[in-house]
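Worksheet: one structure, shown below.
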Amino acid sequence: RFKTDLDSTDIILCYSYGLYEFSYHEEPMNYKASEEDCKFYEVSLKMPFEAGLIFYWFKFKKDGEMLYYVSDGNVRDGVGKVYSEPPRIGVEEEKYPYAWQITVYDKDFKTPKWWRESVCYQIFPDRFFKKGDFYYTKK
């Protein structure tokens with residue numbers, strides 16, 4: 001469901017699904033109701049059963065300009081912002097503006113016993129990088 005002002009038109013839900021490679025989709029939203037200062041649109045989708053990531057955002061026209069309603073970057077509050085460009089979601093892309101994300105997982109997945117009893121170290125090489133260090137070499 002999407003709430004917009006009275007001047008907005010061509011409301012579309014944009015979403016992308018995948019884990020390493022994404023497929024992009026657009027679904028026009030249906031007008032449902034209006035109040036004194038806003039209109040409501042909605043669309044129903046059948047989501048995939050495979051585990052993966054779903055990113056979504058909204059596209060609409062206002063005063064002849066195509067605009068995008070995307071996440072403000074705070075994943076917990078669900079609040080968005082209007083941008084003049086769509087969000088970036090690709091693995092190699094700068095993630096701004098942000099799309100909202102839904103993680104689809106397998107509820108029947110069981111963590112292997114060997115993993116639960118293991119010690120795991122995560123190393124972030126970028127944390128050791130300092131531009132001023134003598135180890136820094138420009139490519």
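Predicted model only: the values in this text are computed from it and were never measured.
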Kindly indicate whether the side chain of V104, heavy atoms from C-beta on, has any atom under 4.5 Å from the side chain of L53. no
Are the aromatic rings of Y68 and Y83 close, with centres under 6.0 Å apart? no
Could you check whether any side-chain heavy atom of W100 comes within less than 4.5 Å of a side-chain heavy atom of Y15, counting everything from C-beta outward? no
In this structure, NZ of K81 is separated from OH of Y98 (nearest 0.5 Å) by 9.0 Å
Taking D108's backbone N and O only, do any of them form a donor-acceptor pair with D106's side chain (distance below 3.5 Å, no angle check)? yes
Are the side chains of I11 and T4 in contact, using a 4.5 Å heavy-atom criterion? yes
Under the salt bridge (charged side-chain N to carboxylate O under 4.0 Å, His left out) rule, what do K61 and D10 come out as? Steps first, then yes or no, please. CA-CA 6 Å; K61 282 186 183 174; D10 301 328; 3.7 Å; yes
With side chain to side chain contact (heavy atoms under 4.5 Å, CB included) as the criterion, how do K39 and S8 come out once you've worked through the C-alpha distance, each side chain's angles and the decisive distance to 0.1 Å? CA-CA 9 Å; K39 295 187 288 189; S8 298; 5.6 Å; no
Are any side-chain N or O atoms of R116 and backbone N or O atoms of T111, one a donor and one an acceptor, separated by less than 3.5 Å? yes
Between S16 (side chain only) and F55 (backbone N and O only), is there a donor and an acceptor less than 3.5 Å apart? no
What distance do H25 atom NE2 and C14 atom SG have between them, rounded to the nearest 0.5 Å? 11.5 Å
Distance-only side-chain donor-acceptor flag, S44 / E42, under 3.5 Å: no
Just checking, any donor-acceptor pair under 3.5 angstrom between side chains of Y105 and K107? no
Is there a side-chain contact between Y41 and P28 (heavy atoms, below 4.5 Å)? no
Group every Ile, Leu, Val, Met, Phe, Trp and Tyr by side-chain heavy-atom contacts under 4.5 Å, then state whether L6 and V82 land in the same group. no
Less than 4.5 Å apart, side chain to side chain, heavy atoms only: is that true for Q101 and Y56? no
Taking all atoms of both residues into account, what is the closest heavy-atom pair of F58 and L13, and its distance? CE2-CD1, 3.7 Å
Would you please indicate if the ring centroids of F40 and Y31 are separated by under 6.0 Å? no
Do the non-hydrogen side-chain atoms of T9 and K62 ever get within less than 4.5 Å of each other? no
Nearest 0.5 Å, what's the CD1-CG distance between I54 and L45? 8.5 Å
With side chains defined as the heavy atoms from C-beta onward, is the minimum distance between P87 and V70 less than 4.5 Å? yes
Quick one: does any side-chain atom of K59 pair with a main-chain N or O of I12 as donor and acceptor, under 3.5 Å? no
Just how far is it from atom SG of C38 to atom CD of E36, taken to the nearest 0.5 Å? 9.0 Å
Is it the case that the ring center of W57 lies less than 6.0 angstrom away from the ring center of F2? no
